[in-house]
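Below, all heavy atoms of this structure are taken into account, side chains as well, without hydrogens, waters or symmetry copies. Counting begins at 1 with the first residue of the sequence.
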Amino acid sequence: MDGTSRIVVPGPRSGQPAPPPPPPTARPLPERLFVWVTALVLALLTVVVGCRVLGVDGVTPVPQLLAFLPLLLVPTAVALLCCALLRWRAGLVWGLVLLAVTGWFERPYEAGAAVSRGPVVARITVLTSNVEFGQATLGLIAAIRREKPDLVFVQECEFTCAQLLSVRIPHADYPYRHIVKAGGSEGSAILSTVPLTNTGGIASTLAMPGSAARFGGLAVPVRLQLAHPLPPIPGAVDSWRTELGKVRAYAAAHRGDGPGIIAGDFNASRDHATFRDVLDAGELRDSAPLGGAGRTPSWPSGARRPFGAQIDHVLVSRDFSVRGARFIDLAHTDHRSLLVTLDLHGPEPKK
């Protein structure tokens, strides 16, 4: 005996099963935090896209994010990549479904649905422009001289803008005008090459004047309504809904009353349920996609397709067909102007 003791650990007896393997090791803390952050991003994106699917605009920040629904493809793709790097299978499935649904809503729409109409009695070009507190008025005047539209709808035309339009746009070219003079973003104007009748417009914070004009010798005049509801900024979403609701009520009240145009800065895109309600209420169609400019962003002016929001629209009744539409860049405004060419159809010939 050398005084050294040894401990002998008995091994498994012959024929006994091996002990079960240890449980899998949990993710390291940084990795778990990364998973949670990715899940939170996917959850926020799911709320926004879910509201689009359900046809509701929700509350802040959903209305603001819905305006940029195409842009949400980017964080969705980034979140999907993170799920792949994390080997998070549930997140991968979640992200793929979200990417597919968002992409579905970005498909082309209203590519040119045909409607039975009578003969063309007039061709009308319409220009709508938000000149951002009047800053882009000189650019607008140049565009009017170049494009020679029959109707011009101007938003955020403050006192200086109204004065410049009066001085630099010859009355011989546009002898008929309906201008609401106001400061800041509240002023608006409608210019026309044919006689206008003041119809009062829509009561709102930012001026939304209305007029009527006769084209093509039709017995029924064309109703003209400028649109400029408040934007859906945080804290003012209810006011935005209320004013877009007034536009919807106007459209519904004149549904089937003959030819009509509603043009301006709607502060809403096709991804907003409140805007789609306006279209449905008045059986109106959006000129830009029908004229080949669908999904072209009008705000902010520096955005390129598919990013940015198309919030400037020319909506027309089914008395019109759209020959073409394009957006025009003006300096010193955060909006692109929209120029559309329309054919006005008379009554269908009796059989």
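The distance from atom OG of Ser317 to atom CZ of Arg285, rounded to the nearest 0.5 Å, is 8.5 Å. In this structure, CD1 in Ile190 is found 5.5 Å from CG in Leu226, a value given to the nearest 0.5 Å. Between the CZ atom in Arg123 and the CG atom in Asp343 there is a gap of 4.5 Å [rounded to 0.5 Å]. Atom NZ of Lys148 is separated from atom CG of Asp150 by 12.0 Å, given to the nearest 0.5 angstrom.
Side-chain contact of Thr102 with Glu106: a donor-acceptor pair under 3.5 Å is absent, judged by distance alone. Side-chain polar atoms of His335 and Ser298 form no donor-acceptor pair below 3.5 angstrom. With 3.5 Å as the limit, one finds a donor-acceptor pair spanning the side chains of Trp299 and Asp334. For the residue pair Asn198 and His178, a side-chain donor N or O sits within less than 3.5 Å of a side-chain acceptor on the partner. Using modelled atom types and a 3.5 Å distance limit, the side chains of Thr128 and Gln155 yield a donor-acceptor pair. In summary, the side chains of Thr46 and Trp94 do present a donor paired with an acceptor at a separation below 3.5 Å, with no hydrogens or angles considered.
For Phe275 and His313, the distance between ring centers is under 6.0 angstrom.
Closest heavy-atom contact between Ala189 and Leu165: CB-CD1, 4.3 Å. Taking all atoms of both residues into account, the shortest heavy-atom contact from Gly308 to Ala303 is CA-CB, 3.7 Å. Across Pro221 and Ala212, no two heavy atoms sit closer than the pair CB-CB, 4.1 Å. For the residue pair Pro119 and Pro347, the shortest heavy atom distance occurs at CD-O, 3.4 Å. The shortest heavy-atom contact between Leu330 and Gly139 is CD2-O, 3.6 Å. Minimum heavy-atom separation, Gly210 to Gln225: CA-OE1, 3.6 Å.
A donor-acceptor pair is defined here as one N or O able to donate and one able to accept, closer than 3.5 Å; no such pair exists between the side chain of Thr193 and the backbone of Tyr174.
When side chains are defined from C-beta on, Arg270 counts as touching Leu279, because their heavy atoms get closer than 4.5 Å. Inter-residue side-chain proximity for His345 and Ser321 is flagged as met; some heavy-atom pair is nearer than 4.5 Å. Residues Arg145 and Arg168 have side chains in contact (heavy-atom distance under 4.5 Å, counting atoms from C-beta outward). Leu96 places a side-chain heavy atom less than 4.5 Å from the side chain of Leu80. Side-chain contact between Leu151 and Leu127 is absent, with no heavy-atom pair separated by less than 4.5 Å. Residues Cys157 and Thr137 are not in side-chain contact: their nearest non-hydrogen atoms beyond the backbone lie 4.5 Å or more apart. Looking only at side-chain heavy atoms (C-beta outward), Gln310 and Phe266 stay at 4.5 Å or farther from each other. The side-chain heavy atoms of Leu344 and Val222, taken from C-beta on, include a pair separated by under 4.5 Å.
Its side chain outside the 4.5 Å cluster rule for every partner, Ile233 clusters with none of the Ile, Leu, Val, Met, Phe, Trp and Tyr residues.
Residues Phe133 and Val154 fall into different hydrophobic clusters, defined by Ile, Leu, Val, Met, Phe, Trp and Tyr side chains chained together at heavy-atom separations under 4.5 Å. Neither Ile202 nor Leu206 shares a network with the other; the hydrophobic side chains, linked directly or stepwise wherever heavy atoms of I, L, V, M, F, W or Y lie under 4.5 Å apart, form separate groups for each. A continuous path of Ile, Leu, Val, Met, Phe, Trp and Tyr side chains, each step under 4.5 Å between heavy atoms, connects Val121 with Val322, placing both in one hydrophobic cluster. Linking ILVMFWY residues whenever their side-chain heavy atoms come closer than 4.5 Å, directly or via other members, places Val126 and Val194 in the same cluster. Leu339 and Val152 fall within a single hydrophobic cluster, where Ile, Leu, Val, Met, Phe, Trp and Tyr side chains are chained together by heavy-atom contacts under 4.5 Å.
Within a 6.0 Å radius of NE2 in His332, no more than 12 heavy atoms belonging to other residues, nucleotides or ligands are found.
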How far apart are the C-alpha atoms of His228 and Asn130, what are their side-chain angles, what is the distance that settles it, and do they pass the side-chain contact (heavy atoms from CB on, under 4.5 Å) test?
CA-CA 9 Å; His228 194 199; Asn130 182 322; 3.8 Å; yes
Carefully, step by step, assess Leu196 and Leu224 under the rule side-chain contact (heavy atoms from CB on, under 4.5 Å).
CA-CA 9 Å; Leu196 292 176; Leu224 309 174; 3.7 Å; yes
Please test Thr125 against Val340 for side-chain contact (heavy atoms from CB on, under 4.5 Å), starting from the C-alpha separation and ending with a verdict.
CA-CA 6 Å; Thr125 54; Val340 302; over 6 Å; no
Worked check of side-chain hydrogen bond (donor to acceptor under 3.5 Å, both in side chains) between Thr205 and Glu243
CA-CA 8 Å; Thr205 305; Glu243 295 203 342; 2.9 Å; yes
Derivation of the side-chain contact (heavy atoms from CB on, under 4.5 Å) call for Leu138 and Leu164:
CA-CA 8 Å; Leu138 294 179; Leu164 285 171; 4.2 Å; yes
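Salt-bridge annotation for Arg326 and Glu147: present, with a side-chain N of the basic residue lying under 4.0 Å from a carboxylate O of the acidic one.
Within the structure, every pair that satisfies the salt bridge (Lys or Arg N to Asp or Glu O under 4.0 Å) test and touches residues 41-69, not counting sequence neighbours, is listed here: Arg52-Asp271.
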